[in-house]
Amino acid sequence: MLAGAMASVCLVPTLGYPRWSIILGIAVGTAYAVISRPTRGAYVDNLMAAGALGIPIWGLLSVIAFPLGSGQMPEWSAEQMRAHFPALVGWVLYGAALGIISQGLSDIAERVLGPETAPRLQVSSAKRRIVILGGGFGGMRTAECLEEHLRADPSVSITLVSDTNALLFTPMLAEVAGSSLEPSHISTPLRSSLHRTEFIRGHAVEIDLEQRQVILGNGSPELGTGRPREIPYDHLVLALGSVSNYFGMANIEKFALGFKSLVDAIRIRNHVIEMFERADRESQPSERRALLTFVIAGGGFAGVELAGALNDFAHGIIADYPNLRSEELTVVLVHARDRILPELSESLARYAQQKMEERGVRFRLNSRLTDTQPGAVVLSDGEIRATTLVWTAGTAPNPLLKSLPVERDLRGAVFVDDTLAVKGHRGLWAIGDCAAVSDAKTGKTCPPTAQFALRQAEVLAKNVHAQLEGRRAQTFHFDSRGALCVVGHQTACAELTVPLARTKSMRFSGLFAWLLWRGIYLSKLPGIERKIRVLMDWTVELFFPRDIVQTIDLR
Ligand SMILES: Cc1cc2nc3c(=O)[nH]c(=O)nc-3n(C[C@H](O)[C@H](O)[C@H](O)COP(=O)(O)OP(=O)(O)OC[C@H]3O[C@@H](n4cnc5c(N)ncnc54)[C@H](O)[C@@H]3O)c2cc1C
């Protein structure tokens, strides 16, 4: 707050209205202080990060919100941009000053009150070992919470093993595929986010419950470096997530693009650009149409968001291909039921479908994918000539769990009791997409979403801590906060649970829901630096066309 007030000196000359500039400076400075976790002495980093933050704030406030507030529509003309330029300078200077001042105040506070984080622990000297498998939402949150609970306990070590070295923020994955966001901006590095957890990038190939150890595969970076291939544990947390499930359809597994990982999203984006390049030099209209037809299987959140993002992307870049016309372009969503988005109420799902249809997306409802060949997608009620198929229609818990002698549900998820412990195996726990968790209050099975994985991780960390101290574990209960889905350009659907009236929900659609989506997910994206990078991408997207540079050569 103090830093915001001091930095607002930079806003006064460029925004005018001194009182409002100071109030705004304090508000932004307070929000920055709440979400940033400055590292001691990182003045240059803070100056750069907070200075850069000035750009998206300028875009959101000076270019969009202020004109809207005074009854004018925001304009992007060169003349308007020239008029907004002094405010841009003011916001960047404000951000830079805010970064330096808040860093200085934080360093002074730390010197007076003592260091914030506990030092890293040596695994070898620890008596009890907690190993977390999987660095996704569940695994990373478990490690964060355990760090908090065990801050004062040097007798316990925490190790996180994951085959990727960053947490992937999947709610924004469709925006990477649609070229709105840079891939690395939605991935938070695990090493720098965790303070006393030992991070090992490795692929677990076996879990030996008898010997109480995890075995890493040959491809793991630990081999040859003198670090252990077998990782012993006293407590093991399974947070291995899920994989695409093709229900035994070999051709679909072989030819379809997946949509689960960052690499999948990058590949989809590059593939779409590749199809445009090929279509541009194709003289046969029917071949061109096949190249420009993008089929997405699955009408859940992932499929709908991807269809919306690809439709926007494809229509946004067609101007760069003078031989192609937008009528030749089709995004088709195939869904086995009679309506998309079963997670949302029917009225919102119909709204989403209608909006997408208005923008050119075609729907094949009550239709199942049965096969695919290069150039054709076979459905239960016909065939579509298309060179692109993306599969989002099924997931299954991580296949590594099949090898464990534990109880699993029909999908293969590990059954846990209402404290998230695996029955009959002391010290074994499971959460997230790989676990079959029943809510202790309602008895309902929890859905495989990040929202639930995060809450389960918080309870699980408390329970591991309780067991270490010989206390009683608590049961898991969580009421969903609602669901949000972007259906395309500045349009979304949101169904949020009313606080204190859990059975009631508030429904929003259109631009307001889209702004809600962006605000809520931006606040959930871990790390101030990632937030700023994403905000900058969104700001750049407002003013410039989508990028069609291919980052992978798919020929
Ligand atoms: C496109 C898309 C959009 C989504 N949007 C939303 C949304 O808007 N809201 C929402 O709540 N949920 C959303 N979800 C669902 C959400 O991503 C998952 O429910 C959530 O990631 C589950 O968390 P988890 O920790 O169980 O698994 P994950 O986050 O998948 O993490 C599993 C981790 O285990 C690692 N791993 C796997 N196998 C091994 C191995 N053998 N050895 C070592 N490490 C391994 C993986 O690399 C990964 O880091 C979305 C999912 C997708 C695919």
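The chain is numbered in sequence order, starting from 1. The shown structure was predicted, so the numbers you read here are calculated from the model rather than taken from an experiment. In each ligand, atom 1 is the first atom listed, and ligand 1 is the first ligand listed.
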Next on the checklist: Is there a salt bridge (Lys or Arg N to Asp or Glu O under 4.0 Å) between Arg129 and Glu198? Walk through the geometry before answering.
Outcome noted: CA-CA 11 Å; Arg129 292 152 304 198; Glu198 184 195 23; over 6 Å; no

Checklist entry - Using heavy atoms and a threshold below 4.0 Å, how should the contact between Val205 and ligand 1 be classified: side chain, backbone, both, or neither? => result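 Under 4.0 Å from ligand 1, Val205 contributes no heavy atoms.
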
Quick one: [atom1] on [X] to [atom2] on [Y], what's the gap to the nearest 0.5 Å?
X      : Y      : atom1 : atom2 : value
Asn463 : Leu468 : CG    : CG    : 11.0 Å
Trp391 : Leu369 : CH2   : CG    : 6.0 Å
Ser345 : Arg350 : OG    : CZ    : 11.0 Å
Trp429 : Ile130 : CH2   : CD1   : 9.5 Å
Arg411 : Thr445 : CZ    : OG1   : 10.0 Å

Checklist entry - Just by distance, with hydrogens left out, do Ser180 and Asp537 show a side-chain donor and acceptor under 3.5 Å apart? => result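 Not at all, the side chains of Ser180 and Asp537 share no donor-acceptor pair under 3.5 Å.
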
Item to check | Contacts of type side chain to side chain contact (heavy atoms under 4.5 Å, CB included), residue Arg212, not counting sequence neighbours | outcome: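 Side chain to side chain contact (heavy atoms under 4.5 Å, CB included) check on Arg212 returns Tyr233.
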
Checklist entry - N/O of Gly432 under 3.5 Å from N/O of ligand 1, yes or no? => result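 N/O-N/O distance under 3.5 Å: no.
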
Checklist entry - Hey, is ligand 1 close enough to Gln451 that some N/O pair sits below 3.5 Å? => result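 Yes, since at least one N or O of Gln451 sits under 3.5 Å from an N or O of ligand 1.
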
Would you mind checking which non-hydrogen protein atom is closest to [atom], with the distance to 0.1 Å?
atom                    : value
atom 38 (N) of ligand 1 : Asn398 ND2, 2.9 Å
atom 41 (N) of ligand 1 : Ala204 O, 3.0 Å
atom 1 (C) of ligand 1  : Phe259 CE2, 3.4 Å
atom 36 (N) of ligand 1 : Asp163 OD1, 3.5 Å
atom 27 (O) of ligand 1 : Gly241 CA, 3.2 Å
atom 20 (C) of ligand 1 : Phe137 CD1, 3.7 Å
atom 22 (C) of ligand 1 : Asp433 OD1, 3.2 Å
atom 24 (P) of ligand 1 : Gly138 N, 4.0 Å

Out of all atoms in ligand 1, which are within 4.0 Å of some heavy atom of [X]? Include the element for each.
X      : result
Gly135 : 33 (C), 34 (O), 49 (O)
Ala453 : 23 (O)
Gly202 : 42 (N), 43 (C)
His203 : 40 (C), 41 (N), 42 (N)
Ala239 : 32 (C), 33 (C), 34 (O)
Ser162 : 35 (C), 43 (C), 44 (N), 47 (O), 49 (O)
Tyr521 : 7 (C), 8 (O), 9 (N)

Checklist entry - Can you tell me if NZ on Lys524 sees more than 12 non-hydrogen neighbours from other groups inside 6.0 Å? => result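 Incorrect, the count does not exceed 12.
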
Next on the checklist: If the threshold is 4.0 Å, N to carboxylate O, is there a salt bridge linking Glu458 and Lys462?
Outcome noted: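 So Glu458 does not pair with Lys462 through a salt bridge.
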
Next on the checklist: Please compare Ala450, Pro399, Gly300 and report which has the shortest non-hydrogen distance to atom 12 (N) of ligand 1.
Outcome noted: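 Nearest option to atom 12 (N) of ligand 1, by heavy atoms: Ala450.
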
Item to check | Minimum non-hydrogen distance to atom 17 (O) of ligand 1, winning option of Leu173, Val161, Thr170 | outcome: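 Answer by nearest heavy atom: Thr170.
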
Checklist entry - Residues in side-chain hydrogen bond (donor to acceptor under 3.5 Å, both in side chains) with Ser179, at least two apart? => result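 If we apply the side-chain hydrogen bond (donor to acceptor under 3.5 Å, both in side chains) test to Ser179, skipping adjacent residues, the hits are Arg269.
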
Item to check | Stepwise side chain to side chain contact (heavy atoms under 4.5 Å, CB included) test for Leu133 and Ile207 | outcome: CA-CA 10 Å; Leu133 275 190; Ile207 299 165; 3.7 Å; yes

